[in-house]
Amino acid sequence: MDDKPSPGTVNESSELLFSFGVIADIQYANLEDGYNYQGNRRRYYRHSLLHLQGAIEHWNKERILPCCVLQLGDIIDGYNAQYKASEKSLELVMNVFQMLKVPVHHTWGNHEFYNFSRDYLTNSKLNTKYLEDQIVHHPGTVTSGNYYAYHFVPFPKFRFILLDAYDLSVLGVDQSSPKYQQCLKMLREHNPNLELNSPQGLSEPQFVQFNGGFSQEQLNWLNEVLTFSDTNQEKVVIVSHLPIYPEASDSVCLAWNYRDALAVIWAHECVVCFFAGHTHDGGYSEDPFGVHHVNLEGVIETAPDSQAFGTVYVYPDKMMLKGRGRVPDRIMNYKK
């Protein structure tokens, strides 16, 4: 009898290589339930911690443990800053993550920057860059200290890359710095609204303050890593808080310069899928180059009687996302 974990009812023609967990937008706060900015979607601030506990219990019990979990950003809610509860809430969530039997890789989203400066995050437990792998004799694949991104190898011939989607941003940056001025100028050039979080009337609605972008320096680094992966015949998974493919996302949630990121990815053969959070209601699309764009449903808008996380099972010919609760199953075949 086949004793592999069965993600769905699909007959497995190939052996399971490894698996990994995915979860997004926990946005914990010690608050009563509320609503999103439009007032039409409920947010379960306290219950998100119980959802996280449930996900971790599930991963810990899987017959074959995932190699790691990818946390796609927005770990605590911006409201914590108002109540001076940022550090306490983060500590609470990190204590829950300590129950996890495998490493977790943390991505940074807008809510991290509502609560903390970039310097604070760099020196916090949310910086998991110590889990990175080095590519020997390829200095171009080493990141500078100017952005939070890294890559690692969970299994031979597979490389995961975490991107910093707020590398260009007005959030979490010292307002007297040249970078803040540069990013504010870029934002204002595309968004004339007094309220910079409003996409009203914009031809490019992603240019709002709660989004950000990738610097040319980071994109050059990504290009170097993908060039190595092409040469080495690796399969690559990319992780970012912000999505980059319009067909898989609400356009107001995309990275500022999503086209630049797509151009780099599409110039390479190796990328299989791109995981993002941020949108809360999820999304999926396979682009013309065979890259699967998966936007994970957010924990924060998941009712107490449901769930929102998944495990991705990796095979020689495909990846299969087995979703829990409101996260649907997906089969992501590698391009031929």
Side-chain angles (χ1 to χ4, degrees), residues 24-27 29 34-43 45 72-79 81-82 107-115 118 147 163-173 175 179-216 218-219 238-263 265 274-285 287 293-302 308:
D25 298 273
I26 298 162
Q27 283 181 227
Y35 284 88
N36 64 342
Y37 300 113
Q38 291 76 36
N40 59 354
R41 298 219 301 253
R42 196 169 179 116
R43 293 188 168 178
Y45 294 108
L72 304 178
D74 284 4
I75 195 168
I76 64 171
D77 195 86
Y79 270 129
Q82 269 174 250
T107 313
W108 297 350
N110 46 315
H111 283 262
E112 276 74 14
F113 294 110
Y114 297 152
N115 284 287
R118 182 169 281 272
Y147 50 90
L163 294 182
D164 183 350
Y166 290 85
D167 180 10
L168 299 179
S169 169
V170 294
L171 305 175
V173 200
Q175 296 192 2
K179 189 158 186 182
Y180 175 85
Q181 298 301 331
Q182 171 208 344
C183 293
L184 186 62
K185 181 170 179 274
M186 186 187 299
L187 182 55
R188 287 216 164 113
E189 278 169 4
H190 292 89
N191 186 342
N193 294 328
L194 206 57
E195 170 49 77
L196 288 172
N197 273 325
S198 169
Q200 197 176 348
L202 303 188
S203 59
E204 294 205 273
Q206 78 272 19
F207 278 97
V208 285
Q209 190 168 284
F210 58 76
N211 295 334
F214 311 99
S215 67
Q216 192 55 52
Q218 185 179 181
L219 292 172
I238 300 180
V239 182
S240 155
H241 182 64
L242 296 181
I244 60 166
Y245 191 56
E247 301 297 312
S249 168
D250 180 343
S251 58
V252 78
C253 287
L254 293 163
W256 287 351
N257 57 338
Y258 69 88
R259 292 184 191 87
D260 296 341
L262 284 173
I265 290 167
F274 189 106
F275 281 95
H278 196 52
T279 63
H280 296 183
D281 50 0
Y284 167 82
S285 184
D287 73 28
H293 295 264
V294 181
N295 281 10
L296 213 67
E297 288 71 9
V299 171
I300 181 63
E301 288 178 14
T302 301

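Along the sequence shown, residues carry numbers from 1. The model shown is predicted, which means the values in this text are computed figures rather than measured ones.
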Q: CG of N191 to OG of S203: how many Å apart, nearest 0.5 Å?
A: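 One gets 10.0 Å once the value is rounded to the nearest 0.5 Å.
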Q: Evaluate the side chain to side chain contact (heavy atoms under 4.5 Å, CB included) criterion for residues D164 and Y166: first the C-alpha distance (whole Å), next the side-chain angles of each, then the deciding distance (0.1 Å), finally the verdict.
A: CA-CA 5 Å; D164 183 350; Y166 290 85; 4.0 Å; yes
Q: Sub-3.5 Å donor-acceptor pair from the side chain of D74 to the main-chain atoms of H111, do we have one?
A: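 Pair found, side chain donor or acceptor close to backbone of H111.
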Q: Where is the tightest heavy-atom contact between L168 and S215, given as atom of each residue plus distance?
A: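 That would be CG-N, 3.8 Å.
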Q: Compare every heavy atom of L202 with every heavy atom of S198, then report the nearest pair and how far apart it is.
A: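 Smallest heavy-atom distance, with atoms named: O-CD1, 4.0 Å.
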Q: Donor-acceptor pair, distance only, cut-off 3.5 Å: does the side chain of Q181 make one with the backbone of Q175?
A: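 The answer is yes, because a donor-acceptor pair under 3.5 Å joins these two groups.
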Q: Salt-bridge test for K179 and D167: reply yes if a basic N is under 4.0 Å from a carboxylate O, no otherwise.
A: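 Counted as a salt bridge, because a side-chain N and a carboxylate O are separated by less than 4.0 Å.
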Q: Could you tell me whether the side chain of Q206 and the main chain of W256 form a donor-acceptor pair under 3.5 Å?
A: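 A pair under 3.5 Å: yes.
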Q: Please answer whether the main-chain N or O of Q200 pairs with a side-chain N or O of N193 as donor and acceptor at a distance below 3.5 Å.
A: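 Yes; judged by distance alone, with no hydrogens or angles, the pair exists.
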Q: Looking only at heavy atoms, which two atoms of I76 and N115 are closest? And how far apart?
A: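 Looking at all heavy atoms of both residues, the closest pair is CG1-ND2, 3.5 Å.
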Q: Using a distance-only test with no angle check, is there a side-chain donor-acceptor pair under 3.5 angstrom linking H280 and Q27?
A: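 Yes, side-chain donor-acceptor contact under 3.5 Å.
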Q: Is it the case that the side chain of E112 and the backbone of G109 share a donor-acceptor pair, with hydrogens and angles ignored and the cut-off at 3.5 Å?
A: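 Pair found, side chain donor or acceptor close to backbone of G109.
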Q: Just by modelled atom types, is the A255 backbone N or O under 3.5 Å from a matching donor or acceptor in the N211 side chain?
A: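 A pair under 3.5 Å: no.
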Q: Starting at OG1 of T279, measure out to CG of N295 and round the result to the nearest 0.5 Å.
A: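 Spacing of OG1 (T279) from CG (N295) equals 4.5 Å.
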Q: Just do the side chain to side chain contact (heavy atoms under 4.5 Å, CB included) check on V252 and F210 with the steps written out, would you?
A: CA-CA 10 Å; V252 78; F210 58 76; 4.1 Å; yes
Q: Without swapping roles, check the side chain of N257 against the backbone of F214 for a donor-acceptor pair under 3.5 Å.
A: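 Side chain of N257 to backbone of F214: a pair is present.
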Q: Could you pull out the closest heavy-atom pair between A248 and S285, with the gap in Å?
A: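 Looks like CB-N, 3.8 Å.
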Q: Look only at the side chain of D25 and the backbone of I300, and say whether a donor-acceptor pair between them is shorter than 3.5 Å.
A: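 No, the answer is negative, given that no donor and acceptor are paired below the 3.5 Å cut-off.
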Q: Is there a donor-acceptor pair under 3.5 Å between the side chain of S240 and the backbone N or O of L242?
A: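 Judged by distance alone, yes, a pair lies under 3.5 Å.
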Q: Starting at CG of L184, measure out to CG of L196 and round the result to the nearest 0.5 Å.
A: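 Interatomic distance, L184 CG to L196 CG, rounded to 0.5 Å: 7.0 Å.
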Q: Set out, in order, the CA-CA distance, both residues' side-chain angles and the distance that settles side chain to side chain contact (heavy atoms under 4.5 Å, CB included) for F274 and L262, then state yes or no.
A: CA-CA 10 Å; F274 189 106; L262 284 173; over 6 Å; no
Q: Residues in salt bridge (charged side-chain N to carboxylate O under 4.0 Å, His left out) with R188, at least two apart?
A: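 Checked R188 against salt bridge (charged side-chain N to carboxylate O under 4.0 Å, His left out); zero matches.
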Q: Can E301 and D281 be said to form a side chain to side chain contact (heavy atoms under 4.5 Å, CB included), step by step?
A: CA-CA 8 Å; E301 288 178 14; D281 50 0; 5.6 Å; no
Q: First locate atom CD1 of I265, then atom CG of D287, and finally report the distance between them rounded to the nearest 0.5 Å.
A: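 Between atom CD1 of I265 and atom CG of D287 there are 8.5 Å.
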Q: As an exercise, state the distance from NE2 of H293 to OH of Y284, rounded to the nearest 0.5 Å.
A: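 Nearest 0.5 Å value for the NE2-OH distance: 9.5 Å.
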Q: If you compare all heavy atoms of G172 against all heavy atoms of F113, which two are closest, and at what distance to 0.1 Å?
A: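 Closest approach of G172 to F113: CA-CD2, 3.8 Å.
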Q: Under the ring pair (Phe, Tyr, Trp, His ring centres under 6.0 Å) test, which residues partner Y258, sequence neighbours left out?
A: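 Y258 satisfies ring pair (Phe, Tyr, Trp, His ring centres under 6.0 Å) with no other residue.
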Q: Are N110 and H278 side-chain neighbours, meaning at least one heavy-atom pair lies under 4.5 Å?
A: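 Side chain of N110 against side chain of H278, heavy atoms only: contact under 4.5 Å found.
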Q: For a quick test of reading the model, state the closest non-hydrogen atom pair linking A308 to E297 and the distance between them.
A: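 Heavy atoms of A308 and E297 come nearest at CB-O, 4.0 Å.
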Q: Ring centroid separation for Y45 and Y79, is it under 6.0 angstrom?
A: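 Yes: the rings meet the under 6.0 Å criterion.
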Q: So among Y180, W108, Y114, which one has a side-chain contact (heavy atoms from CB on, under 4.5 Å) with L171?
A: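 By the side-chain contact (heavy atoms from CB on, under 4.5 Å) criterion, L171 pairs with just one of Y180, W108, Y114: Y114.
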Q: Not counting sequence neighbours, which residues clear side-chain contact (heavy atoms from CB on, under 4.5 Å) with A24? List them please.
A: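 Checked A24 against side-chain contact (heavy atoms from CB on, under 4.5 Å); matches are L72, L296.
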